[in-house]
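Before any comments, here is the structure.
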Amino acid sequence: MDSIRLKARAKINLGLDVLGKRDDGYHEVRMIMQTVGIYDRIIIKKIPEDEIRINSNLFFLPVNENNLIYKAARMMKDEYNIKEGVEIDLNKFIPVAAGMAGGSTDAASTLFGMNKIFDLGISQSKLMEMGLKIGADVPYCIMRGTALAEGIGEKLTRLTPMPHCWLIVAKPPINVSTKLVYESLDMGGISKHPDIDGIMDAIKRGDVEGVAQKMGNVLEDVTIPLYPVIDSIKKQMLKNGAIGAMMSGSGPTVFGIFPDEQTALGCQAVLKAQGEARQVYITETFN
Ligand code: ATP
(Lines give C-alpha, C1' and ligand atoms only; values in the text may rest on other atoms or scores of the structure.)
Protein backbone atom coordinates (compact mmCIF):
# COMPACT_ATOMS: atom_id res chain seq x y z
CA MET A 1 0.00 0.00 0.00
CA ASP A 2 1.54 3.33 -1.06
CA SER A 3 -1.18 5.69 0.08
CA ILE A 4 -4.22 5.87 2.31
CA ARG A 5 -7.25 8.18 2.50
CA LEU A 6 -8.65 8.85 5.95
CA LYS A 7 -11.43 10.76 7.66
CA ALA A 8 -10.10 12.43 10.79
CA ARG A 9 -13.20 13.01 12.89
CA ALA A 10 -13.95 15.82 15.33
CA LYS A 11 -15.28 15.46 18.87
CA ILE A 12 -17.61 17.32 21.16
CA ASN A 13 -17.74 17.11 24.94
CA LEU A 14 -21.07 16.07 26.41
CA GLY A 15 -19.65 16.96 29.81
CA LEU A 16 -16.44 18.67 30.91
CA ASP A 17 -15.38 19.01 34.52
CA VAL A 18 -12.04 20.17 35.92
CA LEU A 19 -11.13 18.62 39.26
CA GLY A 20 -7.88 20.40 40.01
CA LYS A 21 -4.50 21.55 38.82
CA ARG A 22 -1.47 19.29 38.97
CA ASP A 23 2.00 20.44 39.98
CA ASP A 24 3.16 20.16 36.36
CA GLY A 25 0.56 22.74 35.31
CA TYR A 26 -1.84 20.28 33.64
CA HIS A 27 -5.42 20.10 34.84
CA GLU A 28 -7.14 16.95 36.10
CA VAL A 29 -10.29 16.61 34.04
CA ARG A 30 -13.36 14.42 33.84
CA MET A 31 -14.89 14.66 30.39
CA ILE A 32 -17.37 12.77 28.29
CA MET A 33 -16.14 12.67 24.73
CA GLN A 34 -18.26 11.99 21.66
CA THR A 35 -17.13 11.62 18.06
CA VAL A 36 -19.21 13.51 15.50
CA GLY A 37 -19.66 13.32 11.74
CA ILE A 38 -17.55 16.38 10.85
CA TYR A 39 -14.13 15.34 9.57
CA ASP A 40 -10.92 16.49 7.92
CA ARG A 41 -9.91 14.54 4.84
CA ILE A 42 -6.32 13.29 5.03
CA ILE A 43 -4.36 11.54 2.29
CA ILE A 44 -0.96 10.09 3.22
CA LYS A 45 1.40 9.06 0.39
CA LYS A 46 4.81 7.47 0.60
CA ILE A 47 7.57 9.42 -1.18
CA PRO A 48 11.13 8.24 -1.81
CA GLU A 49 12.70 11.42 -0.34
CA ASP A 50 13.36 11.43 3.40
CA GLU A 51 10.94 14.32 4.02
CA ILE A 52 7.61 15.19 5.59
CA ARG A 53 5.60 17.39 3.23
CA ILE A 54 2.21 18.80 4.20
CA ASN A 55 -0.22 20.46 1.80
CA SER A 56 -3.17 22.20 3.42
CA ASN A 57 -6.30 23.77 1.94
CA LEU A 58 -6.09 26.51 4.60
CA PHE A 59 -3.29 28.97 3.96
CA PHE A 60 -3.04 30.07 7.60
CA LEU A 61 -2.29 26.64 9.05
CA PRO A 62 1.37 25.84 9.63
CA VAL A 63 2.77 23.08 7.41
CA ASN A 64 6.00 22.72 9.41
CA GLU A 65 6.77 21.15 12.80
CA ASN A 66 4.03 23.32 14.33
CA ASN A 67 1.39 21.23 12.61
CA LEU A 68 0.38 18.27 14.77
CA ILE A 69 0.38 16.14 11.60
CA TYR A 70 4.07 16.88 11.20
CA LYS A 71 4.76 15.98 14.85
CA ALA A 72 2.97 12.64 14.40
CA ALA A 73 4.80 11.82 11.16
CA ARG A 74 8.15 12.79 12.68
CA MET A 75 7.52 10.55 15.69
CA MET A 76 6.63 7.58 13.47
CA LYS A 77 9.68 8.10 11.26
CA ASP A 78 12.06 8.46 14.22
CA GLU A 79 10.69 5.66 16.40
CA TYR A 80 10.41 3.13 13.57
CA ASN A 81 13.45 4.25 11.62
CA ILE A 82 11.49 4.87 8.43
CA LYS A 83 13.81 6.10 5.68
CA GLU A 84 11.15 6.95 3.11
CA GLY A 85 9.16 10.16 3.47
CA VAL A 86 5.49 11.09 3.39
CA GLU A 87 3.44 13.68 1.59
CA ILE A 88 0.24 14.45 3.48
CA ASP A 89 -2.70 16.34 1.98
CA LEU A 90 -4.94 17.93 4.57
CA ASN A 91 -8.39 19.10 3.58
CA LYS A 92 -9.62 20.84 6.67
CA PHE A 93 -13.36 21.02 7.38
CA ILE A 94 -13.27 20.90 11.20
CA PRO A 95 -13.36 24.46 12.56
CA VAL A 96 -9.87 25.50 13.74
CA ALA A 97 -9.16 26.50 17.38
CA ALA A 98 -12.74 25.58 18.12
CA GLY A 99 -12.69 23.04 20.96
CA MET A 100 -13.32 20.14 18.58
CA ALA A 101 -9.86 18.54 18.74
CA GLY A 102 -9.17 19.31 15.08
CA GLY A 103 -5.40 19.18 15.31
CA SER A 104 -5.43 16.19 17.66
CA THR A 105 -7.61 14.12 15.34
CA ASP A 106 -5.34 14.91 12.38
CA ALA A 107 -2.38 13.69 14.44
CA ALA A 108 -4.31 10.56 15.42
CA SER A 109 -5.11 9.79 11.78
CA THR A 110 -1.48 10.35 10.79
CA LEU A 111 -0.28 7.79 13.37
CA PHE A 112 -3.01 5.37 12.26
CA GLY A 113 -2.34 5.88 8.55
CA MET A 114 1.44 5.61 8.71
CA ASN A 115 1.09 2.41 10.76
CA LYS A 116 -0.94 1.02 7.83
CA ILE A 117 1.08 2.20 4.83
CA PHE A 118 4.42 1.22 6.32
CA ASP A 119 2.92 -2.04 7.58
CA LEU A 120 4.33 -1.53 11.08
CA GLY A 121 1.79 -3.65 12.97
CA ILE A 122 1.71 -1.26 15.95
CA SER A 123 -1.10 -2.03 18.41
CA GLN A 124 -3.82 0.52 19.08
CA SER A 125 -2.69 0.91 22.69
CA LYS A 126 0.88 1.67 21.60
CA LEU A 127 -0.41 4.22 19.05
CA MET A 128 -2.42 5.83 21.86
CA GLU A 129 0.69 5.96 24.05
CA MET A 130 2.60 7.68 21.24
CA GLY A 131 -0.32 10.03 20.65
CA LEU A 132 -0.27 11.23 24.25
CA LYS A 133 3.20 12.69 23.67
CA ILE A 134 1.64 14.89 20.98
CA GLY A 135 -1.42 16.01 22.93
CA ALA A 136 -3.81 14.98 25.71
CA ASP A 137 -6.75 14.47 23.30
CA VAL A 138 -4.84 12.39 20.73
CA PRO A 139 -5.34 8.99 22.43
CA TYR A 140 -9.10 9.57 22.47
CA CYS A 141 -9.05 10.58 18.80
CA ILE A 142 -7.45 7.21 18.03
CA MET A 143 -10.06 5.35 20.09
CA ARG A 144 -13.17 7.39 19.10
CA GLY A 145 -16.81 6.82 20.03
CA THR A 146 -18.35 7.64 23.41
CA ALA A 147 -15.80 7.67 26.21
CA LEU A 148 -15.02 8.97 29.67
CA ALA A 149 -11.67 10.77 29.72
CA GLU A 150 -9.92 11.29 33.04
CA GLY A 151 -6.42 12.25 34.20
CA ILE A 152 -5.34 14.94 31.73
CA GLY A 153 -7.67 13.34 29.19
CA GLU A 154 -5.61 10.23 28.54
CA LYS A 155 -7.26 7.77 30.95
CA LEU A 156 -10.02 6.49 28.75
CA THR A 157 -12.98 4.29 29.51
CA ARG A 158 -15.22 3.28 26.66
CA LEU A 159 -18.90 3.91 27.40
CA THR A 160 -22.11 2.55 25.93
CA PRO A 161 -22.41 4.52 22.67
CA MET A 162 -24.47 7.69 22.92
CA PRO A 163 -27.75 7.06 21.08
CA HIS A 164 -27.83 8.60 17.62
CA CYS A 165 -28.86 12.23 17.55
CA TRP A 166 -28.78 15.26 15.27
CA LEU A 167 -26.47 18.10 16.16
CA ILE A 168 -25.92 21.67 15.10
CA VAL A 169 -22.36 22.87 15.56
CA ALA A 170 -21.86 26.63 15.37
CA LYS A 171 -18.61 28.54 15.63
CA PRO A 172 -18.53 32.29 16.09
CA PRO A 173 -15.61 34.03 14.33
CA ILE A 174 -13.29 33.97 17.35
CA ASN A 175 -10.27 31.75 17.96
CA VAL A 176 -9.86 30.55 21.50
CA SER A 177 -6.58 29.29 22.95
CA THR A 178 -7.20 26.10 24.94
CA LYS A 179 -4.10 26.79 27.03
CA LEU A 180 -5.25 30.30 27.95
CA VAL A 181 -8.74 29.12 28.94
CA TYR A 182 -7.36 26.47 31.29
CA GLU A 183 -4.86 28.93 32.73
CA SER A 184 -7.64 31.45 33.39
CA LEU A 185 -9.88 28.95 35.16
CA ASP A 186 -10.30 29.91 38.82
CA MET A 187 -10.78 26.57 40.57
CA GLY A 188 -12.32 28.24 43.62
CA GLY A 189 -14.79 30.20 41.55
CA ILE A 190 -16.37 27.37 39.51
CA SER A 191 -20.09 28.13 39.58
CA LYS A 192 -21.34 24.55 39.09
CA HIS A 193 -19.60 21.24 38.48
CA PRO A 194 -21.45 19.17 35.88
CA ASP A 195 -22.95 15.85 36.95
CA ILE A 196 -20.64 13.64 34.88
CA ASP A 197 -21.95 10.45 36.55
CA GLY A 198 -25.52 11.54 35.81
CA ILE A 199 -24.65 12.11 32.13
CA MET A 200 -23.07 8.64 31.98
CA ASP A 201 -26.20 7.10 33.56
CA ALA A 202 -28.40 8.85 30.98
CA ILE A 203 -26.17 7.58 28.15
CA LYS A 204 -26.39 4.06 29.56
CA ARG A 205 -30.21 4.29 29.64
CA GLY A 206 -30.22 5.57 26.04
CA ASP A 207 -31.89 8.72 27.35
CA VAL A 208 -30.89 11.55 24.98
CA GLU A 209 -33.14 14.05 26.78
CA GLY A 210 -31.48 13.16 30.07
CA VAL A 211 -28.04 13.78 28.52
CA ALA A 212 -29.22 17.10 27.07
CA GLN A 213 -30.58 18.24 30.43
CA LYS A 214 -27.50 17.27 32.42
CA MET A 215 -24.81 18.48 29.98
CA GLY A 216 -22.36 20.94 31.50
CA ASN A 217 -18.93 22.44 30.87
CA VAL A 218 -17.00 24.31 33.60
CA LEU A 219 -14.90 26.10 30.99
CA GLU A 220 -17.98 28.13 30.03
CA ASP A 221 -17.21 30.10 33.22
CA VAL A 222 -14.03 31.37 31.55
CA THR A 223 -14.98 31.62 27.89
CA ILE A 224 -18.54 33.02 28.07
CA PRO A 225 -17.65 36.19 30.05
CA LEU A 226 -14.92 36.85 27.46
CA TYR A 227 -17.21 36.13 24.50
CA PRO A 228 -20.92 36.62 25.35
CA VAL A 229 -21.75 35.61 21.76
CA ILE A 230 -21.35 31.99 22.94
CA ASP A 231 -24.24 32.37 25.36
CA SER A 232 -26.28 34.14 22.74
CA ILE A 233 -25.82 31.21 20.29
CA LYS A 234 -26.77 28.73 23.02
CA LYS A 235 -29.96 30.67 23.68
CA GLN A 236 -30.79 30.83 19.97
CA MET A 237 -30.39 27.06 19.70
CA LEU A 238 -32.68 26.45 22.68
CA LYS A 239 -35.22 28.89 21.24
CA ASN A 240 -35.12 27.03 17.94
CA GLY A 241 -35.79 23.50 19.07
CA ALA A 242 -32.57 22.24 20.72
CA ILE A 243 -33.21 20.02 23.72
CA GLY A 244 -29.81 21.04 25.09
CA ALA A 245 -26.96 23.35 24.03
CA MET A 246 -23.43 23.72 25.34
CA MET A 247 -19.96 24.98 24.51
CA SER A 248 -17.58 22.24 23.36
CA GLY A 249 -14.16 21.95 25.02
CA SER A 250 -12.60 25.35 25.65
CA GLY A 251 -14.85 26.86 22.99
CA PRO A 252 -15.92 28.91 21.23
CA THR A 253 -17.90 26.27 19.32
CA VAL A 254 -21.41 25.66 20.59
CA PHE A 255 -23.39 22.54 19.81
CA GLY A 256 -27.06 21.80 20.22
CA ILE A 257 -28.80 18.43 20.40
CA PHE A 258 -31.97 18.17 18.33
CA PRO A 259 -34.86 15.70 18.41
CA ASP A 260 -34.90 15.26 14.60
CA GLU A 261 -33.20 16.38 11.38
CA GLN A 262 -35.98 18.77 10.38
CA THR A 263 -35.79 20.78 13.60
CA ALA A 264 -31.97 20.85 13.34
CA LEU A 265 -32.15 22.16 9.75
CA GLY A 266 -34.60 24.87 10.85
CA CYS A 267 -32.22 26.02 13.58
CA GLN A 268 -29.28 25.94 11.17
CA ALA A 269 -31.14 28.27 8.81
CA VAL A 270 -31.94 30.71 11.64
CA LEU A 271 -28.35 30.78 12.90
CA LYS A 272 -26.98 31.29 9.39
CA ALA A 273 -29.37 34.16 8.73
CA GLN A 274 -28.61 35.77 12.05
CA GLY A 275 -24.85 35.74 11.43
CA GLU A 276 -23.41 35.49 14.96
CA ALA A 277 -21.79 32.19 13.98
CA ARG A 278 -20.00 32.15 10.63
CA GLN A 279 -19.62 28.37 10.51
CA VAL A 280 -22.84 26.45 11.14
CA TYR A 281 -22.91 22.73 10.45
CA ILE A 282 -25.52 20.04 10.77
CA THR A 283 -24.03 16.74 11.85
CA GLU A 284 -24.69 13.55 13.80
CA THR A 285 -23.13 11.55 16.55
CA PHE A 286 -20.71 8.97 15.13
CA ASN A 287 -20.05 5.70 16.90
P1 ATP B 1 -8.85 21.13 21.26
O2 ATP B 1 -10.31 20.87 21.18
O3 ATP B 1 -8.02 19.86 21.34
O4 ATP B 1 -8.48 22.14 22.28
P5 ATP B 1 -8.98 22.96 19.11
O6 ATP B 1 -10.08 22.49 18.22
O7 ATP B 1 -9.35 24.03 20.10
O8 ATP B 1 -8.38 21.73 19.86
P9 ATP B 1 -7.17 22.98 16.92
O10 ATP B 1 -8.09 23.22 15.78
O11 ATP B 1 -6.68 21.60 17.12
O12 ATP B 1 -7.81 23.53 18.27
O13 ATP B 1 -5.91 23.92 16.68
C14 ATP B 1 -5.43 24.90 17.50
C15 ATP B 1 -4.15 25.48 16.92
O16 ATP B 1 -3.22 24.42 16.64
C17 ATP B 1 -4.37 26.22 15.62
O18 ATP B 1 -4.35 27.59 15.84
C19 ATP B 1 -3.23 25.77 14.69
O20 ATP B 1 -2.32 26.77 14.40
C21 ATP B 1 -2.52 24.66 15.42
N22 ATP B 1 -2.52 23.41 14.61
C23 ATP B 1 -1.49 22.58 14.48
N24 ATP B 1 -1.79 21.54 13.69
C25 ATP B 1 -3.06 21.69 13.31
C26 ATP B 1 -3.94 20.93 12.48
N27 ATP B 1 -3.54 19.82 11.88
N28 ATP B 1 -5.20 21.38 12.33
C29 ATP B 1 -5.60 22.51 12.96
N30 ATP B 1 -4.82 23.26 13.72
C31 ATP B 1 -3.54 22.88 13.90
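The figures that follow rest on heavy atoms only: side chains count, while hydrogens, waters and symmetry mates do not. Atoms within each ligand, like the ligands themselves, are counted from 1 in listed order.
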(request) Say whether Thr263 and Asp260, considering side chains only, have a donor N or O and an acceptor N or O under 3.5 Å apart. (result) yes

(request) Note the single closest protein heavy atom to atom 22 (N) of ligand 1, along with its residue, its atom name and the distance in Å. (result) Asn66 O, 4.3 Å

(request) Give a yes or no on whether atom 26 (C) of ligand 1 lies under 4.0 Å from any heavy atom of the protein. (result) yes

(request) Using only heavy-atom distances, determine whether the side chains of Thr105 and Asp40 contain a donor-acceptor pair under 3.5 Å. (result) no

(request) Using only heavy-atom distances, determine whether the side chains of Tyr140 and Thr35 contain a donor-acceptor pair under 3.5 Å. (result) yes

(message) With respect to Met100, determine whether any N or O atom, backbone or side chain, lies less than 3.5 Å from an N or O atom of ligand 1.
(response) yes

(message) Under 3.5 Å, is there a donor on one side chain and an acceptor on the other for Asn55 and Glu87?
(response) yes

(request) Determine the sole option in Leu132, Val29, Asp137 for which the side chain to side chain contact (heavy atoms under 4.5 Å, CB included) test with Ile152 is passed. (result) Leu132

(message) Checking a contact table here: which protein heavy atom is nearest atom 11 (O) of ligand 1, and how many Å away?
(response) Gly103 N, 2.6 Å

(message) Quick check on Asp24: does its CG atom have over 12 non-hydrogen neighbours (other residues, nucleotides or ligands) under 6.0 Å away?
(response) yes

(message) Closer than 4.0 Å to some heavy atom of Asp106 - which atoms of ligand 1 meet that?
(response) 26 (C), 27 (N), 28 (N)

(request) Any atoms of ligand 1 less than 4.0 Å from a non-hydrogen atom of Asp137? List them with their elements. (result) 3 (O)

(request) Please answer whether the main-chain N or O of Ile117 pairs with a side-chain N or O of Asp2 as donor and acceptor at a distance below 3.5 Å. (result) no

(request) Assess the side chains of Ser232 and Glu276: does a donor N or O sit below 3.5 Å from an acceptor N or O? (result) yes

(message) Suppose we measure from atom 20 (O) of ligand 1 to each protein heavy atom; which comes out shortest, and what is that distance?
(response) Pro62 CD, 3.7 Å

(request) Look at ligand 1 and say whether Gly249 reaches it with a heavy atom at a distance under 4.0 Å. (result) no

(request) Using the ring pair (Phe, Tyr, Trp, His ring centres under 6.0 Å) rule, collect all pairs that involve residues 156-210, keeping only residues at least two apart or in two chains. (result) His27-Tyr182, His164-Trp166

(message) Please report whether ligand 1 has a polar contact with Ile69, defined as an N or O pair separated by less than 3.5 Å (distance criterion only).
(response) no

(message) Counting only heavy atoms not in Phe112 (residues, nucleotides, ligands), do more than 12 fall under 6.0 Å from its CZ?
(response) no

(message) For ligand 1 and Leu68, I'd like to know whether there is a polar contact (N/O to N/O, distance under 3.5 Å).
(response) yes

(message) Out of Asn13, Leu61, Thr110, who is nearest to atom 30 (N) of ligand 1 when you count heavy atoms only?
(response) Leu61

(message) Among all protein heavy atoms in this structure, tell me which lies nearest to atom 18 (O) of ligand 1, with the distance rounded to 0.1 Å.
(response) Val96 CG1, 4.1 Å

(message) Among all protein heavy atoms in this structure, tell me which lies nearest to atom 4 (O) of ligand 1, with the distance rounded to 0.1 Å.
(response) Thr178 OG1, 2.7 Å

(request) Give the single entry among Pro252, Ala97, Gly135 that approaches atom 9 (P) of ligand 1 most closely by any heavy atom. (result) Ala97

(message) Could you check whether Glu49 pairs with Arg53 (Lys NZ or Arg NE/NH1/NH2 to Asp/Glu carboxylate O, under 4.0 Å)?
(response) yes

(request) Ignoring angles and geometry beyond distance, decide whether Gly251 reaches within less than 3.5 Å of ligand 1 through its nitrogen or oxygen atoms. (result) no

(message) Please list the nearest protein heavy atom to atom 5 (P) of ligand 1 with its residue and the distance rounded to 0.1 Å.
(response) Gly99 N, 3.5 Å

(request) Using distance alone, determine whether Ser250 and ligand 1 share an N or O pair under 3.5 Å. (result) no

(request) Compute both the distance and the angle, then confirm whether Arg9 meets the cation-pi test with Phe286: under 6.0 Å from the six-membered ring centre, within 45 degrees of the axis. (result) yes

(message) Looking only at protein heavy atoms, which one is nearest to atom 28 (N) of ligand 1, and what is the separation?
(response) Lys92 NZ, 3.1 Å

(message) Between ligand 1 and Val176, is the shortest N or O to N or O distance under 3.5 Å?
(response) no

(message) In the complex you have, is atom 15 (C) of ligand 1 within reach of the protein, judged by whether a heavy-atom distance drops under 4.0 Å?
(response) no

(request) Starting from atom 2 (O) of ligand 1, locate the nearest protein heavy atom and write down its residue, its atom name and how far away it is, to 0.1 Å. (result) Ala101 N, 2.8 Å

(message) Keeping Glu284 on the side-chain end and Val36 on the backbone end, is there a donor-acceptor pair under 3.5 Å?
(response) no

